[in-house]
Amino acid sequence: PVGAPSVLFNEDDSEPSVVDEGNQIAEGETVENNKYKPYRYQRQIVWRNVALFVYLHIAALYGAYLMFASAKIATSIWAILLYQMSGLGITAGAHRLWAHRSYKGKLPLRIILMIFNTIAFENHIYEWARDHRMHHKYSETNADPHNAKRGFFFSHVGWLLCRKHPEIKEKGRGIDMSDLERDPVVVFQMTYYLLLMPVLCFLIPTCVPVFMWGETWSNSWFVATMFRYTFTLNMTWLVNSAAHMWGDRPYDKFINPSENIGVALGALGEGWHNYHHVFPWDYKAAELGNYRANLTTGFIDFFSKVGWAYDLKTVSTDMIRKRVDRTGDGTHSSIWGWEDK
Ligand code: ST9
Ligand code: ZN
Ligand code: ZN
């Protein structure tokens, strides 16, 4: 049924079937033992988050306007630099290093990535990685925090605007996070997050343009902070929404994640999402290692040369070829033949 959105995104297993007072699981009840009853779930909107995200997006639109109307060029360059640094804190850091362990990082690299990650304010590394491990293990079910079967809006941002589905909390207990609990860099960030995050995501990005090149407070706040932060968030969210809907599926046509070059460009190499869901341990998060729309791979390779990134995991051509032959949708050779590698 791949390619037919009405089949792919039907909501019948995701939407509330029985209205209940809350999301609580009754005592003694688990997801498993109440499977003969419809699971009790009612979407509960968190209005504080709705208000914050509405403000963020209006402020970001104003920032985009100011960027062209009155901001200094240095402020725009600063905003782009922050987007790239914070983006790498998500892609090379929270995603490929901490959530997937697709390579190992020495202490100095982990500290840099933790700082970059904090600029991004996408929750601390531990929470991000826990949600992401759930996203892979229970992909597109109720236990996936941004279940794409609930539609574009839910998987893009809606999941951050309401209480989590009880199955996430229930099944999430079984997710092993002990590796991150042993990493002092992750623990440090988690412990001081409410202090570090406002300083690194909001305060420093706003103060630098004002004190370094005489930018106005208004331009600085709306361009370097509001626009840059909201833009980076949306680039990240597109991996969960657009790259779970649109694009080829050369490695596995039976899953929704797709190869989406637009998302790959905006998300620093994270749009090759069909490959990534099939081979999540590959540090490239894509088949090709030649930095085809994949800045993050270039970043990890650079630090591998420095010696701070090591044990880079990847997948053999033979294994990929077998998988393409078995489950691919036939687009593999039309995009890039094996001989191109
Ligand atoms: C943001 C994150 O934007 C974006 C992540 C995107 C991921 C993309 C992945 C794609 C691949 C990589 C591509 C990268 C591309 C990057 C490109 C860059 C250019 N497992 O959450 P709570 C339990 S954040 C296990 O409060 P509620 C747990 O016991 C934006 N257990 O649930 C937990 O307690 P604790 C800024 C879990 O009350 C308890 O439940 N941040 C799990 O339902 C309660 O958890 C915000 O806006 C789990 N997975 O609230 C904040 N989850 O934590 C938004 C939960 O103490 N968040 N439990 O252990 C919130 O306000 C709330 O979380 C909520 C849900 C309202 C959404
Ligand atoms: Zn995904
Ligand atoms: Zn992943």
#### Entry: Modelled atom types, side-chain donor and acceptor of His57 and Asn234, under 3.5 Å
yes

Task: ring-ring contact (aromatic ring centres under 6.0 Å, His included) assessment of Phe53 paired with Trp237 - done: CA-CA 13 Å; Phe53 279 114; Trp237 298 340; 5.6 Å; yes

Going hydrophobic residue to hydrophobic residue with side-chain gaps under 4.5 angstrom, can you get from Leu194 over to Tyr192? no

TODO: Check whether the side chains of Tyr138 and Asn147 place a donor and an acceptor atom closer than 3.5 Å, and report yes or no.
DONE: no

Between Val223 and Ala79, the two heavy atoms sitting closest are O-CB, 4.1 Å

Exercise. Indicate yes or no: does Asp311 engage Lys104 in a salt bridge with an N to O separation below 4.0 Å.
Key: yes

Look at the rings of Trp281 and Phe279 and say which category their plane angle falls in: under 30° parallel, 30 to 60° tilted, over 60° perpendicular. perpendicular

message: Can you confirm whether His156 sits close enough to His244 that some side-chain heavy atom of one is under 4.5 Å from a side-chain heavy atom of the other?
response: no

Notebook entry, point to check: With side chains defined as the heavy atoms from C-beta onward, is the minimum distance between Tyr193 and Thr118 less than 4.5 Å?
Noted result: yes

Is a side-chain N or O of Asn274 found less than 3.5 angstrom from the main chain of Tyr251, in a donor-acceptor match?
yes

When you look at Thr206 and Met226, which way does the side chain to side chain contact (heavy atoms under 4.5 Å, CB included) test go after all the steps? CA-CA 9 Å; Thr206 309; Met226 289 294 101; over 6 Å; no

Examine the side chains of Glu270 and Thr296 and answer whether a donor and an acceptor come within less than 3.5 Å of each other. no

- prompt: Without hydrogens or angle criteria, can the side chains of Ser258 and Asn260 be said to hold a donor-acceptor pair below 3.5 Å?
  reply: no

Inset, instruction - Report yes or no: do Val54 and Val46 belong to one cluster of Ile/Leu/Val/Met/Phe/Trp/Tyr joined by side chain heavy-atom distances under 4.5 Å? - result: no

Can you hop from Trp221 to Tyr62 via hydrophobic side chains spaced under 4.5 Å? yes

Query raised in the report: Do other residues, nucleotides or ligands put more than 12 heavy atoms under 6.0 Å from Met212 CE?
Result: no

Within-4.5 Å side-chain heavy-atom neighbours: Ile119 and Ile204:
no

Is there side-chain contact between Arg110 and Leu97, with heavy atoms separated by less than 4.5 Å? yes

Worksheet item: Is the side chain of Asp329 donor-acceptor paired with the backbone N or O of Lys253 at a distance under 3.5 Å, no angle test?
Response: no

Should Asp282 and Lys313 count as side-chain neighbours, where that means a heavy-atom distance under 4.5 Å? no

query = Yes or no on side chain to side chain contact (heavy atoms under 4.5 Å, CB included) for Phe188 and Ile111, after CA distance, side-chain angles and deciding distance?
reply = CA-CA 10 Å; Phe188 175 85; Ile111 291 173; over 6 Å; no

**Study point:** Donor-acceptor contact present, side-chain Asn117 to main-chain Gly89, <3.5 Å
**Key:** yes

Inset, instruction - State, with a plain yes or no, whether a side-chain heavy atom of Asp252 is found less than 4.5 Å away from one of Arg323. - result: yes

Check: Do you see a donor-acceptor pair shorter than 3.5 Å between the side chains of Thr236 and Glu122?
Finding: yes

| said: According to a hydrophobic-cluster definition based on side-chain heavy atoms being under 4.5 Å apart (Ile, Leu, Val, Met, Phe, Trp, Tyr only), do Ile80 and Val210 belong together? | reply: no

Of all heavy-atom pairs linking Phe222 and Ala59, the shortest is CD2-O, 3.6 Å

Closest non-hydrogen atoms of Phe154 and Cys162, given as atom of the first, atom of the second and distance, are CE1-SG, 4.0 Å

Residue set satisfying ring pair (Phe, Tyr, Trp, His ring centres under 6.0 Å) with Trp308, at least two apart, ordered chain then number -> Phe303

Sorted by chain and number, sequence neighbours left out, side chain to side chain contact (heavy atoms under 4.5 Å, CB included) with Phe231 holds for Tyr83, Phe227, Met235

Between Asn256 and the options Lys149, His277, His273, Glu140, the side-chain hydrogen bond (donor to acceptor under 3.5 Å, both in side chains) test singles out Glu140

Pair Phe152-Trp246, ring-ring contact (aromatic ring centres under 6.0 Å, His included): steps then yes or no:
CA-CA 11 Å; Phe152 186 95; Trp246 302 306; 5.7 Å; yes

**OP:** Would you please test Arg96 and Thr297 for side chain to side chain contact (heavy atoms under 4.5 Å, CB included) and show each step?
**Re:** CA-CA 10 Å; Arg96 301 189 197 182; Thr297 301; 3.0 Å; yes

When rounded to the nearest 0.5 Å, the distance separating CD of Gln42 from CZ of Arg163 is 13.0 Å

- Message: Side chains of Trp98 and Asp183: any donor to acceptor distance under 3.5 Å?
- Response: yes

Those residues at least two apart in sequence (or on a different chain) that pass side-chain hydrogen bond (donor to acceptor under 3.5 Å, both in side chains) with Ser316 are none

OH (Tyr55) with more than 12 external heavy atoms under 6.0 Å:
yes

Distance col, row Thr191:OG1 vs His124:NE2, nearest 0.5 angstrom, shows 9.0 Å

Are the charged groups of Asp179 and Arg133 less than 4.0 angstrom apart, N to O?
yes

Show, in sequence, the C-alpha distance, side-chain angles and deciding distance for Leu295 and Phe299, and conclude whether the side chain to side chain contact (heavy atoms under 4.5 Å, CB included) test is met. CA-CA 6 Å; Leu295 183 77; Phe299 177 87; 5.6 Å; no

Heavy-atom closest pair (Ile125 atom, Gln189 atom, distance to 0.1 Å) is N-OE1, 2.9 Å

- Task: Over 60° means perpendicular and under 30° means parallel, so classify the ring planes of Tyr229 and Phe121, tilted if in between.
- Result: parallel

Is Glu287 close to Glu259 at the side-chain level, that is, under 4.5 Å between some pair of heavy atoms? no

To the nearest 0.5 Å, atom OG of Ser76 lies from atom CE of Met67 at 4.0 Å

In terms of heavy-atom contacts, Val263 and Val239 come closest through CG1-CG2, 3.7 Å

Practice item. Evaluate the ring planes of His132 and His136, with Trp represented by its six-membered ring, and classify them as parallel (under 30°), tilted (30 to 60°) or perpendicular (over 60°). Key: perpendicular

**Message:** Hydrophobic clustering (ILVMFWY, side-chain heavy atoms < 4.5 Å, transitive) - are Trp213 and Phe68 grouped together?
**Reply:** yes

Note to self: Between Lys284 (side chain only) and Thr314 (backbone N and O only), is there a donor and an acceptor less than 3.5 Å apart?
What the structure shows: no

Close side-chain approach of Ile77 to Ile73, heavy-atom, < 4.5 Å: yes

Q | Basic-acidic side-chain contact under 4.0 Å: Lys322, Asp318 | A | yes

Heavy-atom nearest pair, Ile168 first then Pro145, reads CD1-CA, 3.6 Å

